[in-house]
2 protein chains.
Amino acid sequence: MAFEEEQRIFDDFVRNKGLKHSGQRRDILLTFLKTEKHLTADELHRLVKKRNPAIGTATVYRTLRLLGESGLCREFRLDDGAARYEHLYGHEHHDHLVCKSCGNLEEVVDPKIEKLQEDLAKKHGFKISSHKMEIYGICRKCRN
Amino acid sequence: MAFEEEQRIFDDFVRNKGLKHSGQRRDILLTFLKTEKHLTADELHRLVKKRNPAIGTATVYRTLRLLGESGLCREFRLDDGAARYEHLYGHEHHDHLVCKSCGNLEEVVDPKIEKLQEDLAKKHGFKISSHKMEIYGICRKCRN
DNA sequence: CACATTAATGATAATGATTCTCATTATTAA
DNA sequence: TTAATAATGAGAATCATTATCATTAATGTG
């Protein structure tokens with residue numbers, strides 16, 4: 001609940017880059033860590049303002065970039081084009097099941113698919129640096 | 001080279017919706033069909049202007065939407081967030097190998113992966129409507 | 001063919017997300 | 001405590017996309 005490990009990672013990152021600490025960044029980091037949802041910058045900003053109403057838009061974006069660089073978060077986009085942010089620490093690589101009805105994202109992994117993706121790339125002489133997969137549809141809950 | 005089939009599909013679509021034909025739409029359609037690249041709206045607009053310099057931005061976007069509705073094109077987005085458009089007629093479902101060096105997109109399919117994706121969804125009680133997969137890395141050409 | 005109807009167009013304004021600028025404030029190391 | 005400099009927030013700027021609207025063009029009818 002206190003996210004000591006993540007905070008330590010971020011502190012180290014800030015220190016190593018010769019940056020300074022700030023209360024705003026801590027507020028944003030803790031708010032980000034506290035939800036498992038895949039939020040947009042604006043949605044995160046709204047949440048952060050409950051904790052600290054003075055925080056500006058630019059600071060949210062700037063901090064999100066730093067969280068990305070420090071390996072704590074990852075930006076991704078679904079087909080709607082909106083940038084969303086998800087936890088990276090403690091979340092190994094995974095793909096998403098996206099419910100088009102309720103908007104929920106489920107994280108999934110299938111090692112067999114991962115392997116086949118590598119084979120496919122290799123067959124085309126392609127050196128993989130990353131990959132993503134999304135399955136869109138209707139989730140179990142929404143099917144009733 | 002004349003894309004009769006695609007033009008017929010679009011004409012039928014326009015007629016069935018009670019819309020009207022226009023030279024601008026034909027210019028945009030033909031320009032779109034003539035390239036196998038995965039263009040953004042702006043890139044397509046530049047190309048179209050070589051054929052008809054008077055065509056406006058809004059018309060390109062409006063036509064792209066109609067091409068989507070008529071099943072001739074599909075909008076998609078890579079991780080850079082830019083909307084791109086690709087041919088749908090004569091291009092069955094496929095995934096993309098995206099070269100981060102030259103930006104080239106290669107279209108690929110692996111039936112085994114497709115099958116496993118369906119199994120994975122089923123296992124989670126998920127009813128699939130569509131799915132996408134992208135592999136990012138360096139293509140064969142750029143590796144030298 | 002001429003006409004009335006109505007869709008299409010292009011210029012431009014508006015929007016929404018994100019980034020930039022800059023004067024002010026806060027953090028840090030000495 | 002202070003000097004150096006990074007961080008902040010407000011608001012301007014940007015970029016892609018969409019909406020508005022007066023004008024133009026396509027269509028079906030007689």
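The chains referred to below are lettered A, B, ... by the order of the sequence lines, with proteins before strands, and numbering in each begins at 1.
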For the pair made of [atom1] in [X] and [atom2] in [N], what is the distance, rounded to whole Å?
{"X": "His45(A)", "N": "dT8(D)", "atom1": "NE2", "atom2": "P", "answer": "12 Å"}
{"X": "Asp11(B)", "N": "dA7(C)", "atom1": "CG", "atom2": "C1'", "answer": "16 Å"}
{"X": "Asn52(A)", "N": "dG9(D)", "atom1": "CG", "atom2": "C1'", "answer": "11 Å"}
{"X": "Leu78(A)", "N": "dA17(C)", "atom1": "CG", "atom2": "P", "answer": "16 Å"}
{"X": "Leu39(A)", "N": "dT18(C)", "atom1": "CG", "atom2": "P", "answer": "13 Å"}
{"X": "Leu64(B)", "N": "dA8(C)", "atom1": "CG", "atom2": "P", "answer": "16 Å"}

**Report entry** Pairwise ring-ring contact (aromatic ring centres under 6.0 Å, His included) hits with a residue in residues 16-52 of chain B, at least two apart
**Finding:**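 Residue pairs with at least one partner in residues 16-52 of chain B: Phe32(B)-His87(B), His38(B)-Phe76(B), His38(B)-His96(B).
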Quick one: salt bridge (charged side-chain N to carboxylate O under 4.0 Å, His left out) partners of [X], sequence neighbours excluded?
{"X": "Asp12(A)", "value": "Arg8(A), Arg15(A)"}
{"X": "Glu75(B)", "value": "Arg77(B)"}
{"X": "Lys141(B)", "value": "none"}

Query raised in the report: Which heavy atom in Lys123(B) sits nearest to a heavy atom in Arg140(A), and how many Å separate them?
Result: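 Answer, listing the atom of Lys123(B) first, then Arg140(A): O-NH2, 3.8 Å.
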Report task. Check which hydrophobic residues are tied to Ile113(B) through side-chain heavy-atom contacts below 4.5 Å, counting indirect links as well, and list them. Result ->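 Traced through the cluster, Ile113(B) reaches Leu97(A), Val108(A), Ile113(A), Leu116(A), Leu120(A), Phe126(A), Ile128(A), Met133(A), Ile135(A), Leu97(B), Val108(B), Leu116(B), Leu120(B), Phe126(B), Ile128(B), Met133(B), Ile135(B).
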Query - ILVMFWY clustering at 4.5 Å (side-chain atoms), partners of Leu88(B) - result: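 Joined to Leu88(B), directly or through intermediates: none.
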Report task. Can you sort out which residues in residues 14-27 of chain A have a heavy atom within less than 4.0 Å of DNA chain D? Ascending by number, please. Result ->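 Correct list: Gly18(A), Leu19(A), Lys20(A), Ser22(A), Gln24(A), Arg25(A).
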Query - Identified side-chain contact (heavy atoms from CB on, under 4.5 Å) counterpart of Ile28(B) within the set Leu47(B), Leu44(B), Asn52(B) - result: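 The residue from Leu47(B), Leu44(B), Asn52(B) that satisfies side-chain contact (heavy atoms from CB on, under 4.5 Å) with Ile28(B) turns out to be Leu44(B).
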Requested in this report: Could you pull out all residues at least two apart from His124(B) that satisfy ring-ring contact (aromatic ring centres under 6.0 Å, His included)?
Outcome: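 Applying ring-ring contact (aromatic ring centres under 6.0 Å, His included) to His124(B) gives none.
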Query raised in the report: How sharply is the helix from dC1(C)-dG30(D) to dA30(C)-dT1(D) bent, taking the axes over five pairs at either end and rounding to 10 degrees?
Result: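 It works out to 30° between the end axes.
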Report summary line: A correct 5'-to-3' footprint of nucleotides 10-21 of chain D, with B, S and - meaning base, sugar-phosphate only and no protein heavy atom under 4.0 Å, is B-----SSBBB-
When the side chains of residues 59-66 of chain A are checked against the rest of the protein, which donor-acceptor pairs come out under 3.5 Å, sequence neighbours left out?
from     : atom 1 : to       : atom 2 : distance (Å)
Thr59(A) : OG1    : Arg62(A) : NH2    : 3.3
Thr63(A) : OG1    : Thr59(A) : O      : 2.8

Query - Any pair counted as salt bridge (Lys or Arg N to Asp or Glu O under 4.0 Å), so long as it reaches residues 79-92 of chain A, sequence neighbours left out - result: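 Every salt bridge (Lys or Arg N to Asp or Glu O under 4.0 Å) pair that includes a residue of residues 79-92 of chain A, provided the two are not neighbours, is Glu43(A)-Arg84(A), Arg74(A)-Glu86(A), Asp79(A)-Lys132(B).
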